[in-house]
Structure formats: C-alpha cells, structure tokens
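First the structure, in the form of structure tokens, and then the observations on it.
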Amino acid sequence: MLIVRAMGGLGNQLQQYALYRKLEQIGKDVRLDISWFRNDALQAAMAAGRELELDYLKPLPYRVASEEEIRAVLGRLWEEPEGIGSKIRRKLRPALSPSFEESGMYHEQIFGMEHKYLVGYWACEKYYADIMDTLRAEITFPRNRDEILQEKNDAVSRQMEAEMSVSVHIRRGDYLDDINRALFGGICTETYYETAIGYIRERFPNVRFYLFSDDIPYVRERYRGKEYRIVDWNHGKDSFYDMMLMSRCKHNICANSTFSFWGARLNPHTDKVMIRPSIHKNTQVCVPEQMQKLWAGWVLVTPDGMPV
C-alpha cells in the first residue's frame, strides 16, 4: 500500500489528490492521509490554519487511510515521534525508510514504490498531466448555498465564455508576511505581469482580463481600464469559487500559487494559454530545458519578465 499525505491549502490538496489518482490508475493500492487537518500543531507550523477543502468540492473518489493502515506502512502515525533506531536507519539506508519525502521538483521513482508513506506537494505538471481529462471530470464545484452569489458567478461565467477572457491571479497578502516573503516574494513582480499580459495581447484581440487577488486595493490602483474586471465577491469558505471562475476563462496568467495553477489546469479549452512564473520559490533555480519538459504546455516567465 501507498499512502499520500494531504496538507496545505486547496491547491496543494488537489495536487496530492491528483498524485493519489495517478497512482491508483497505474494499479497501486493507495490511500489519502487527511490527519494533518485535525492536528493544530502541524497546521501552526505552516503559519496558516487550513481545512480539508477537498470536501468543499463535489464528492471525490478517494479512500482515507485509517490509523491502522498508516501504522502498517509507516510504523507510527506521522505526528508521533520517530524512534532513534528508525532515524538512523533512514539516514544510512534511505531506500529502506517507510516514508519518502519530496526533495526536488520531480521524483519518477515514486511510481515504482510499494509500501511507502509519501510526503510532499507534488506540484510538477508531469506527475499527472496524462490524466488531466479524468481530473477535470472529477474536480467540480457545488452550487453555492447563497443564491445571489451563485447567480453572480453564473453570470460572470457566461460572460467569460462569450469573450476572450483571461484570468490573472495576483497573490500578495500572506506572501508579504516576513515568514513567507523570503521564500515566495519577488517572483511575480509587476514586470512578470506586464510580460504575461503583453504576451496575451499580442496573440488575441479584444481581451478582457479578470483579476483575482487577496489585495483588492492594490489591484484597483494598479489595473485600471475597461479591459480589466476585478472579481472580489467570493470570500472565506466561498473563496474556492474563484478557482472555478479562473477555470472558466479562455486563458490563464498564474501567480506562484498552486491555487491559480489549478484554475488553469481545470480550464477545459484545448487551445488555452497557461502562463506561470519560471520558479515557484526563491530556493529554486530555473533550468530551462528541465522546466519545459516538466511543465509541457505552459509558458514560463522569469521575475524580470523574460520568457524561458
């Protein structure tokens, strides 16, 4: 059995679910461990409380790992202390460790593993690009309980379908905090967005840009004109409807955020343009040939506005 640990926000959860489904489709016996969402200490280490937002969506076909199954694979629950002997064995002979933790952008070897507990975010497109049609069919959004908001989202969806619509995700809020700035800041610069928007304008006439952000005052000040429309009404537990609306656009400009990656991935248009930053975190180094291979079909732009 393989167990995939679920953690983080909705974008990360969808990536862990996508890897789960990929492993399942190649014949693995696999489970999803959702215990992270019941542990306040583990969530505090991420600097933001999270809920299992997978369950906000229409029911997804995944099997939850029981405590007994986790212990059978890992030898303990993840949050329980690891024994000294186990730590030594893991460091000396990592291949024999019951767990595997993501340390790079892509780990092809996980598809050949058995009896492992997998920990990571699995953002790389290559992990599940070949099952995206299946994922798009499964990952769907429920009707909003607030009929006014439902009608507003429906109206905007129709408008997006009727025009050359492009989603633009600008994430600032928590990325400006000291705890996150060093890791995620300075990547999606104004120059990045200028290049991405210019790339779209050069290729498509009469474009309408739909702006999604956690810093609406900044967006209102920075982006003015009839070609821009700001989406600012899906809040709190309704925020995931922004992902739905991103997916309704013809093309997508993403932040270094898995939330907008999934807005683009769920976009069903076969001729779509998906633009993302060349790196996700400041600890990464962009190797153009590698990124183009691992993120096939995406347009990559550096923080200083250079296409990769």
Side-chain angles (χ1 to χ4, degrees), residues 9 11-12 105 121 123-125 160 163-232 242-243 245-247 249-265 267 271-308:
N12 289 322
M105 184 167 293
Y121 294 105
C124 184
E125 191 80 356
M160 290 170 167
E163 60 191 8
M164 189 55 66
S165 54
V166 182
S167 71
V168 182
H169 186 211
I170 300 174
R171 182 168 175 177
R172 284 168 58 85
D174 60 337
Y175 278 14
L176 301 181
D177 296 342
D178 290 341
I179 196 170
N180 288 320
R181 186 185 296 116
L183 189 58
F184 297 110
I187 293 174
C188 288
T189 61
E190 291 184 353
T191 303
Y192 163 79
Y193 285 109
E194 288 169 3
T195 298
I197 289 171
Y199 184 96
I200 295 291
R201 282 194 184 118
E202 289 175 1
R203 286 158 177 78
F204 305 103
N206 303 317
V207 175
R208 173 70 69 88
F209 296 98
Y210 287 84
L211 303 171
F212 300 83
S213 182
D214 53 4
D215 190 345
I216 296 301
Y218 166 83
V219 171
R220 289 194 190 284
E221 178 63 28
R222 182 73 178 82
Y223 297 93
R224 301 181 180 186
K226 293 182 179 180
E227 65 180 333
Y228 299 113
R229 179 169 183 184
I230 297 172
V231 178
D232 62 354
D242 276 359
M243 184 186 291
L245 292 177
M246 290 178 191
S247 76
C249 289
K250 303 286 179 58
H251 309 287
N252 309 94
I253 297 173
C254 300
N256 54 329
S257 166
T258 58
F259 188 91
S260 50
F261 290 173
W262 278 98
R265 286 165 171 158
N267 176 350
D271 59 348
K272 64 186 175 182
V273 173
M274 301 180 291
I275 302 177
R276 60 147 290 176
S278 58
I279 57 173
H280 188 91
K281 298 181 287 188
N282 286 310
T283 53
Q284 295 175 337
V285 175
C286 176
V287 180
E289 296 79 8
Q290 179 191 47
M291 285 295 293
Q292 289 161 359
K293 180 179 179 180
L294 297 180
W295 289 80
W298 289 73
V299 176
L300 309 170
V301 177
T302 67
D304 58 359
M306 298 298 295
V308 172

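- Considering only heavy atoms from C-beta on, Asp304 stays 4.5 Å or farther from Tyr192 through its side chain.
- Side-chain contact between Asn282 and Ile187 is present, with at least one heavy-atom pair separated by less than 4.5 Å.
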> Under the side-chain contact (heavy atoms from CB on, under 4.5 Å) criterion, do Met246 and Phe259 qualify, and how do the steps go?
Replying inline: CA-CA 10 Å; Met246 290 178 191; Phe259 188 91; 3.8 Å; yes

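- When all heavy atoms of Pro277 and Leu300 are compared, the pair lying nearest together is O-CD2, 4.5 Å.
- The shortest heavy-atom contact between Arg208 and Glu227 is CD-O, 3.2 Å.
- Note: Arg265 CZ to Ser260 OG = 10.0 Å, rounded to the nearest 0.5 Å.
- Side-chain atoms of Arg229 and Phe209, non-hydrogen and from C-beta on, never get closer than 4.5 Å to each other.
- Minimum heavy-atom separation, Gln292 to Val308: NE2-O, 3.2 Å.
- For the residue pair Asp215 and Arg172, the shortest heavy atom distance occurs at OD2-NE, 2.7 Å.
- Between the CE atom of Met306 and the SG atom of Cys286 there is a distance of 12.0 Å, given to the nearest 0.5 Å.
- Scored by the side chain to side chain donor-acceptor pair (under 3.5 Å) test, Gln284 finds no partners at all (sequence neighbours excluded).
- Looking at residues two or more places apart in sequence or on another chain, you find a side chain to side chain donor-acceptor pair (under 3.5 Å) between Arg181 and Asp178.
- Partners of Tyr228 by side chain to side chain donor-acceptor pair (under 3.5 Å), not counting sequence neighbours, listed by chain and number: Arg201.
- Atom-to-atom distance recorded for Glu190:CD and Ile197:CD1 is 10.5 Å, nearest 0.5 angstrom.
- Here CG of Leu211 is found 9.5 Å from OH of Tyr193. Values are rounded to the nearest 0.5 Å.
- Remark: side-chain polar atoms of Ser247 are not paired, donor with acceptor, to backbone N or O of Asn267 under 3.5 angstrom.
- By the 4.5 Å heavy-atom criterion applied to side chains, Met105 and His280 are not counted as neighbours.
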>> Between Met291 and Arg276, is the side-chain contact (heavy atoms from CB on, under 4.5 Å) condition met? List the steps.
In response: CA-CA 11 Å; Met291 285 295 293; Arg276 60 147 290 176; 4.0 Å; yes

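- Checked against side chain to side chain contact (heavy atoms under 4.5 Å, CB included), Ala264 has the following partners two or more places apart in sequence or in another chain: Asn252, Cys254, Met274, Trp298.
- With sequence neighbours left out, the salt bridge (charged side-chain N to carboxylate O under 4.0 Å, His left out) criterion links Glu194 to Arg222.
- For the pair Asp232 and Arg220, the minimum side-chain heavy-atom distance is below 4.5 Å.
- Among all heavy-atom pairs drawn from Ala196 and Ile275, the shortest one is O-CD1, 3.7 Å.
- Annotation: side chain of Lys250 is not in contact with side chain of Val166 (no heavy-atom distance under 4.5 Å).
- In this view, Tyr199 satisfies the ring pair (Phe, Tyr, Trp, His ring centres under 6.0 Å) rule with no residue, not counting sequence neighbours.
- Under the side-chain contact (heavy atoms from CB on, under 4.5 Å) test applied with Cys188, the options Ile253, Ile170, Asn256 reduce to a single match, Asn256.
- Here the SG-CZ distance, from Cys249 to Phe212, works out to 5.5 Å after rounding to the nearest 0.5 Å.
- Considering every non-hydrogen atom in both His251 and Asp271, the closest pair reads CE1-O, 3.6 Å.
- Atoms CG and OH, on Asp242 and Tyr210 in that order, are 13.5 Å from each other to the nearest 0.5 Å.
- Under a cut-off of 6.0 angstrom, the local environment of CG in Asn206 is sparse, with at most 12 non-hydrogen atoms contributed by other residues, nucleotides or ligands.
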